[in-house]
Amino acid sequence: MSRFAVALTAILVGATAACRGGGGGEGRRFLSIGTAGTGGIYYPLGGAIASVLSDADTLHRYTAEVTGGSVENLNRIANGEIDLGFSIGTSVYEAYHGGDNFPVPLSKLRVIAPLYPNVTHILIAAGFGGASPEEFRGRRVSVGAPGSGTEQVARQLLNVYGLGYDDVDVRYLSFRESSDALRDGAIDAAIFSVGYPASAVLEATTAGGVRLLGLDSDHRTTLANHYPYYEPATIPAGAYPRVDRPVPTVSVMNWVVGTKDLEADVVRYVLTALRTDRQRLVRVHDIARQIDLRALDRTPVPLHGETARWWAEEQERVGATGSDP
């Protein structure tokens, strides 16, 4: 059975239990988690987290909702339409401070917990011999779907190399469309912000001579200095075909987000689930191995008050026992 099939099974089991009121579910209040489309990582991982939370929390029943992704989730959280949501750090930072997608700052947003890092993948087609994004001028470059986290990353990445959208032939393509276009030679390059190993990157690099470009240290540092949510990262050797050595790049963390008014017990259930039920999440998607609670030390916006208390307690526990958080 595929990982996605396992994920759907977990979601359906949770939904069935909710309908039956199993496990003392009568009278529970429903809480929703905004994820993204069914073809990505957010949705199956959200379904697994919802299932774990529903088993642990006797007062609430959690459901994962299909949404348009980061920007929609943040707006719906702010409007009280969903309780929790997944979002990439670029969008979280912009929403809290205000920006193109958020003309009015969403000042009540708070980080509840970390998820996994989205790693910047820069792919070039076999017919393009460039060795740096500096050489994308005049080239056909996919920057992701309009308003997506990938598109934000692509714009900022091009900017630090002295390029704007007027300097390249911009194509707004999904991951799968970008993968197909690279293999067909319909575009010269594509920028992905996604957890690794990503299926679309795997498909692109398996055939057709598509290559991954690394980022030089100066431009990695410039990105981190300009934007507080970037961190140095590496795509490890062997992650994709013909990647024989580590590829230096940058990453942006994905977060579980809510408002500052989210109930404290819900916050604790989320954090405890990520600490104690990791293997259950890994069975749905291997990306859960990359969840690192230590990311709470470097969030793009303030922590929820209960998250800050829980994390302080965890650090005391770790100091006393020597165990990992």
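For the single chain, residues carry numbers from 1 onward in sequence order. Treat the numbers as computed from the prediction; the structure is a model and nothing was measured.
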Are Val141 and Val170 side-chain neighbours, meaning at least one heavy-atom pair lies under 4.5 Å? no

Taking C-beta and beyond as the side chain, do Ser51 and Arg280 meet within less than 4.5 Å on heavy atoms? yes

Determine the minimum heavy-atom distance between Glu81 and Ser32, stating which atoms define it. O-OG, 4.0 Å

Across all chains, not counting sequence neighbours, the salt bridge (Lys or Arg N to Asp or Glu O under 4.0 Å) partners of Asp216 are none

Side-chain contact, heavy-atom cut-off 4.5 Å: Asp83 with Phe30? no

If you look at every heavy atom in Ala273 and Val52, which pair is closest and at what distance? CB-CG1, 3.7 Å

Going only through I, L, V, M, F, W and Y residues with side-chain contacts under 4.5 Å, is there a path from Val153 to Phe175? no

Sub-4.5 Å side-chain heavy-atom contact between Val111 and Thr307: no

Could you tell me which non-hydrogen atom of Pro241 sits nearest to which non-hydrogen atom of Thr206, and how far apart they are? CG-OG1, 3.7 Å

Using the salt bridge (Lys or Arg N to Asp or Glu O under 4.0 Å) criterion, which residues pair with Glu135? Sequence neighbours excluded. none

Side chains of Leu115 and Trp255, heavy atoms from C-beta outward: is any pair under 4.5 Å? no

Nearest heavy-atom pair of Pro117 and Met253: which atoms, and what distance? N-SD, 3.7 Å

May I have all residue pairs that pass ring-ring contact (aromatic ring centres under 6.0 Å, His included) and include part of residues 56-92, sequence neighbours excluded? Tyr42-Phe86

Residues 93-105 side chain polar contacts: donor-acceptor under 3.5 Å, at least two apart:
{"from": "Glu94", "atom 1": "OE1", "to": "Gln152", "atom 2": "NE2", "distance (Å)": "2.5"}
{"from": "Glu94", "atom 1": "OE2", "to": "Asp100", "atom 2": "N", "distance (Å)": "2.8"}
{"from": "Glu94", "atom 1": "OE2", "to": "Asn101", "atom 2": "N", "distance (Å)": "2.6"}

Cation-pi geometry met for Arg155 and Tyr165 (6.0 Å, 45°): yes

Taking side chain to side chain contact (heavy atoms under 4.5 Å, CB included) as the criterion, tell me which of Leu281, Asp292, Ile112 meets it with Leu274. Leu281

Can you list everything that forms a salt bridge (Lys or Arg N to Asp or Glu O under 4.0 Å) with Asp169? Sequence neighbours excluded, please. Arg171

Write down the atom of Pro197, the atom of Ala239, and the distance for their closest heavy-atom approach. CB-O, 4.0 Å

Between Thr58 and Arg28, is there a side-chain donor-acceptor contact under 3.5 Å, judged purely by atom types and distance? no

Report yes if the side chains of Leu212 and Ile122 come closer than 4.5 Å at any heavy-atom pair, otherwise no. no

Only pairs under 3.5 Å count here: list side-chain donor-acceptor contacts from residues 296-306, not counting sequence neighbours, and write none if there are none.
{"from": "Asp297", "atom 1": "OD1", "to": "Trp311", "atom 2": "NE1", "distance (Å)": "2.8"}
{"from": "Arg298", "atom 1": "NE", "to": "Glu231", "atom 2": "OE1", "distance (Å)": "3.2"}
{"from": "Arg298", "atom 1": "NE", "to": "Glu231", "atom 2": "OE2", "distance (Å)": "2.4"}
{"from": "Arg298", "atom 1": "NH1", "to": "Arg294", "atom 2": "O", "distance (Å)": "3.3"}
{"from": "Thr299", "atom 1": "OG1", "to": "Val301", "atom 2": "O", "distance (Å)": "2.8"}
{"from": "His304", "atom 1": "ND1", "to": "Glu306", "atom 2": "N", "distance (Å)": "3.0"}
{"from": "His304", "atom 1": "NE2", "to": "Lys260", "atom 2": "O", "distance (Å)": "3.3"}
{"from": "His304", "atom 1": "NE2", "to": "Leu262", "atom 2": "O", "distance (Å)": "2.9"}
{"from": "Glu306", "atom 1": "OE1", "to": "Arg309", "atom 2": "NE", "distance (Å)": "2.9"}
{"from": "Glu306", "atom 1": "OE1", "to": "Arg309", "atom 2": "NH2", "distance (Å)": "2.9"}
{"from": "Glu306", "atom 1": "OE2", "to": "Arg268", "atom 2": "NE", "distance (Å)": "2.4"}
{"from": "Glu306", "atom 1": "OE2", "to": "Arg268", "atom 2": "NH2", "distance (Å)": "3.2"}

Quick one: does any side-chain atom of Asn75 pair with a main-chain N or O of Glu72 as donor and acceptor, under 3.5 Å? no

Evaluate the side-chain proximity of Ser91 to Leu74: yes if any heavy-atom separation is below 4.5 Å, no if none is. yes

Residues two or more places apart in sequence or in another chain: which of them pass side-chain hydrogen bond (donor to acceptor under 3.5 Å, both in side chains) with Thr67? Asn73

Ignoring hydrogens and angles, tell me if any N or O in the side chain of Arg110 forms a donor-acceptor pair with the backbone of Val257 under 3.5 Å. no

Is it true that Arg317 and Glu313 have a side-chain N and a carboxylate O under 4.0 angstrom from each other? no

Taking Ser179 for its side chain and Ala200 for its backbone only, find out whether a donor-acceptor pair lies under 3.5 Å. yes

Out of curiosity, does Ile235 fall in the hydrophobic cluster containing Ile287 (side-chain heavy atoms, cut-off under 4.5 Å, transitive links)? no

Can you name the side-chain hydrogen bond (donor to acceptor under 3.5 Å, both in side chains) partners of Ser142, sequence neighbours left out? Ser178

Can you give the donor-acceptor pairs under 3.5 Å from side chains of residues 183-196 to other protein atoms, not counting sequence neighbours?
{"from": "Arg183", "atom 1": "NH2", "to": "Asp180", "atom 2": "OD1", "distance (Å)": "2.5"}
{"from": "Asp188", "atom 1": "OD1", "to": "Arg140", "atom 2": "NH2", "distance (Å)": "3.1"}
{"from": "Asp188", "atom 1": "OD2", "to": "Arg140", "atom 2": "N", "distance (Å)": "2.9"}
{"from": "Asp188", "atom 1": "OD2", "to": "Arg140", "atom 2": "NE", "distance (Å)": "3.2"}

Once ring-ring contact (aromatic ring centres under 6.0 Å, His included) is applied, do any residues pair with Tyr269, and if so which ones, sequence neighbours excluded? none

Donor-acceptor under 3.5 Å (Arg176 side chain, Leu173 main chain): no

Ala145 and Tyr172 have their tightest heavy-atom pair at C-CD2, 4.5 Å

Check whether any side-chain N or O of Thr234 sits under 3.5 Å from a backbone N or O of Pro246 as a donor-acceptor pair, and report yes or no. no

With Tyr240 via ring-ring contact (aromatic ring centres under 6.0 Å, His included) - residues at least two apart: His121

By ring-ring contact (aromatic ring centres under 6.0 Å, His included) - contacts of His219 (at least two apart): Tyr161

Does a side-chain heavy-atom distance below 4.5 Å link Ile124 with Phe136? yes

What do the steps show when you test Tyr230 against Gln156 for side chain to side chain donor-acceptor pair (under 3.5 Å), and what is the final call? CA-CA 11 Å; Tyr230 284 107; Gln156 293 166 359; 2.7 Å; yes

